[in-house]
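Structure, as structure tokens:
All values derive from a computational prediction rather than experimental measurement. Order of listing sets the numbers, starting from 1, for every ligand and every atom in it.
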Amino acid sequence: MANAVILQTFEWEMGAEGDFYKHLARMAPALARRGFDAVWLPPASKATSVNDVGYGIYDLYDLGEFDQKGQIRTKYGTKEELLDAIKALQDQGIKVNMDVVINHKAGADYTETFLAQPVQMDNRNEPAGEERDIDGWTGFNFPGRQDKYSDFHWNFNHFTGVDFDQKTGEKGIFRILGDNKNWAEGVSHENGNFDYLMFADINHQHPDVQKDLYRWVDWMVNETSCDGLRFDALKHIDSAFIKDYTQYLTDKYGDKLYLFGEFWSPGLDRMSTFLESTSFNLDLFDVDLHFNFCQAATDPNFDLRQVFDQSLVQNFPMNTVTFVDNHDTQPGQSLESFVDRSFKERAYALILLRKDGYPCVFAGDYFGIHGGPAPQEGMTDELERLLELRASYAYGEERDFFVDPHFIAWARLGDETFPFQLATVISSAGDGAVELDFGPIHAGKIFRDYTGRIEDIITLDENGKASFPVQGQSLSCWVSPDARDQESLDKDYKKFLENLDRPKLEI
Ligand code: CA
């Protein structure tokens with residue numbers, strides 16, 4: 001089976017012209033040719049305005065269909081365009097994962113008066129003032145939708161907290177009071193209790209809320225015919241709810257629906273506890289590996305042999321989506337921790353050319369970031385080379401040669417379908433080389449550097465060993481396309497490049 005890879009199709013600074021879905025539909029054949037077998041779409045539901053990336057979610061059931069929040073469309077287009085894009089992607093064999101934002105709701109239709117307790121920002125279990133009546137934005141009746149798909153209207157009983165008192169104009173965190181009402185227990189314990197993230201925080205204990213969220217997720221899966229769901233902000237949602245919710249989805253849809261999520265709590269123990277407490281129903285992004293990449297990029301003393309230490313992919317390879325960066329880690333965003341450009345190609349090799357993990361490529365790295373505090377060009381050439389290597393050469397047994405703090409390498413031995421060998425060598429210091437052992441069965445095979453950086457030909461000795469060079473602060477990917485010569489390899493690569501019509505996500 002060919003290697004799988006996801007594309008995160010969006011970054012934070014993309015334009016709000018509303019033509020995203022149309023571009024995506026047009027790009028579908030080009031994305032398939034690059035080896036993407038899946039995409040992750042931005043939140044599709046109506047948010048606070050067309051400029052909202054989608055995480056300020058207003059109406060789960062409005063995918064750009066109703067005149068709400070000033071427009072029918074979302075930032076990305078209309079519902080019809082969304083469904084067309086999904087079909088265009090699926091027609092190319094690309095699976096579509098939708099973003100699920102169910103921690104909070106924003107842009108309420110009206111305020112309500114209720115009893116609340118201000119709490120401390122850095123310890124939400126501690127009061128920051130007297131209990132009192134506040135006017136909070138918690139009333140949702142979706143006048144533009146008029147109860148189509150669901151007649152559920154939200155009120156303050158369906159939320160645990162808000163961040164604004166309209167009566168006094170005071171900002172803060174206000175815990176909504178009521179019988180047996182408190183922050184959810186199964187959440188991150190940062191800030192005492194991290195149930196509250198932003199806007200009106202959904203109370204997942206409330207039976208009416210549960211009923212509507214179950215109804216909605218079925219509606220979403222059926223309405224969009226999507227192939228998977230990516231859960232946002234998991235550390236802020238009661239894990240008991242997530243366990244039941246994902247169990248319901250697993251029982252109902254089985255392998256037809258891929259589930260994964262963002263649990264942004266670095267620390268293997270926290271990640272593994274969450275995986276266990278949700279019965280391994282969903283995979284998680286490898287946050288610790290991302291932070292290892294950040295460190296490797298900036299710390300000249302970083303020991304590359306430890307780049308996978310404490311990572312999810314090393315400990316739970318079957319439950320891991322690996323990534324380098326995303327819309328939250330990009331400059332200016334809430335979890336800003338961008339892997340420095342100088343290391344990025346090496347970081348992508350460490351997720352794309354390895355056996356374990358389901359890698360996710362970030363649009364901001366691929367197509368570039370076109371706004372905000374730190375615009376950047378896309379790494380199109382580097383990433384396409386790695387994607388081609390992943391698609392054609394990164395198969396079979398993996399042998400690690402993590403020999404030096406600044407030089408690591410690994411071999412892929414190929415399999416029956418893809419009977420080629422690949423040697424990836426990475427340097428975080430100067431020029432160097434690493435000896436790799438492919439085994440005597442591969443004796444005499446010749447390798448060339450697919451990155452084009454080094455022109456040598458490397459030949460394995462009678463034991464199947466050779467020393468593979470790498471330039472300083474760089475990587476080389478040595479392939480043995482069996483008995484073929486450099487000319488045919490060059491031709492393959494040129495043909496591959498010609499086959500790509502350069503993607504235009506005009507953002
Ligand atoms: Ca919450």
SB check Lys344 Asp325 (cutoff 4.0 Å):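 Looking at Asp325 together with Lys344, the answer is yes, because their closest N to O distance falls below 4.0 Å.
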Note: Lys75-Asp52 ion pair, threshold 4.0 Å (strictly below):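 Judged by the 4.0 Å cut-off on N to carboxylate O distance, Lys75 and Asp52 do not form a salt bridge.
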Would [X] count as a cation-pi partner of [Y], with NZ or CZ less than 6.0 Å from the six-membered ring centre and within 45° of the ring normal?
X: Lys105; Y: Phe159; answer: no
X: Lys69; Y: Tyr58; answer: yes
X: Arg145; Y: Phe142; answer: yes

Side chains of Tyr258 and Asp283, donor plus acceptor under 3.5 Å: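 Note: Tyr258 and Asp283 side chains meet the donor-acceptor criterion.
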Distance filter under 3.0 Å, centred on the Ca ion (ligand 1) - protein N, O or S atoms that pass it: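 Protein N, O or S atoms closer than 3.0 Å to the Ca ion (ligand 1): Asn103 OD1, Asp195 O, Asp195 OD1, Asp201 OD1, Asp201 OD2, His236 O.
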